[in-house]
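Notes to accompany the following structure.
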Amino acid sequence: AQRVTQPEKLLSVFKGAPVELKCNYSYSGSPELFWYVQYSRQRLQLLLRHISRESIKGFTADLNKGETSFHLKKPFAQEEDSAMYYCALQGAQKLVFGQGTRLTINP
Amino acid sequence: DTGVSQNPRHKITKRGQNVTFRCDPISEHNRLYWYRQTLGQGPEFLTYFQNEAQLEKSRLLSDRFSAERPKGSFSTLEIQRTEQGDSAMYLCASRLTGTGGDGYTFGSGTRLTVV
């Protein structure tokens, strides 16, 4: 079974504070994991993918196969980071999403 | 090509009525996906097409739901005898076979409200 779990529905931090959005997955094969983001009034878009190991907008995410986790991190939050964040797994032929975490950055 | 286009943006219908949504994917993308998103949930997979062939349907897709992609281009999603539980955002996405999870392009969605 393919499953993605994001345990926090809401996360609120102050500007400049570190951010960590948690994601755990269940997949029998070799996982391909992503973070998607949806800013207010915009469509769902890719933020980053585990394969590239890149940093996008200051965010990074490391795939931990032992803990089956793919947490999203940013050392210093900015107000424009406020959005819905979805962890997603590319399973057999389709993307499977977690329930999402609404991140609010307080000034 | 301006990306994935969905129409209408919003639809309000009375319970029991039929509704149809349309999705126009990126022209060179041969795969087209439908997802449903309810309040507080992530997108849930409904079905997908490769060209005109519907290759997978979720258990969420009851008999009242039907999707088509007649010429391998645009797709329609029809809901018959709508129920209040059908109220949701319906998202369409497309991608090219061989691209991974970063190859999806999503539309803005159609928000359905059943009253």
So do B:Phe45 and A:Leu95 actually touch side chain to side chain, heavy atoms under 4.5 Å?
->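 Answer no - side chains too far apart.
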Look at A:Lys74 together with A:Asp81 and state whether they make a salt bridge at an N to O cut-off of under 4.0 Å.
-> yes
Would A:Glu20 and A:Lys73 pass as an ion pair if we require N to O under 4.0 Å?
->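 Yes, this pair counts.
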Where on A:Gln42 is there a heavy atom nearer than 4.5 Å to chain B: the side chain, the backbone, both, or neither?
-> neither
Would you mind checking which part of A:Lys94 comes under 4.5 Å of any heavy atom in chain B, side chain (CB onward), backbone (N, CA, C, O), both or neither?
->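 Both parts, backbone and side chain.
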Which answer fits B:Glu56, side chain, backbone, both or neither, if we ask what part of it has an atom under 4.5 Å from a heavy atom of chain A?
-> side chain
Pick one of side chain, backbone, both or neither for B:Gln50, based on which atoms fall under 4.5 Å of a heavy atom in chain A.
-> neither
Ring centers of B:Tyr35, B:Tyr90 separated by less than 6.0 Å =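 No, the ring of B:Tyr35 stays outside the 6.0 Å limit from the ring of B:Tyr90, centre to centre.
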If you tally heavy-atom pairs under 4.5 Å against chain B, which of A:Gln93, A:Gln6, A:Lys9 wins?
->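 Among A:Gln93, A:Gln6, A:Lys9, the one with the most close pairs to chain B is A:Gln93.
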Flag for B:Arg31-B:Tyr104: side-chain donor and acceptor within less than 3.5 Å = no
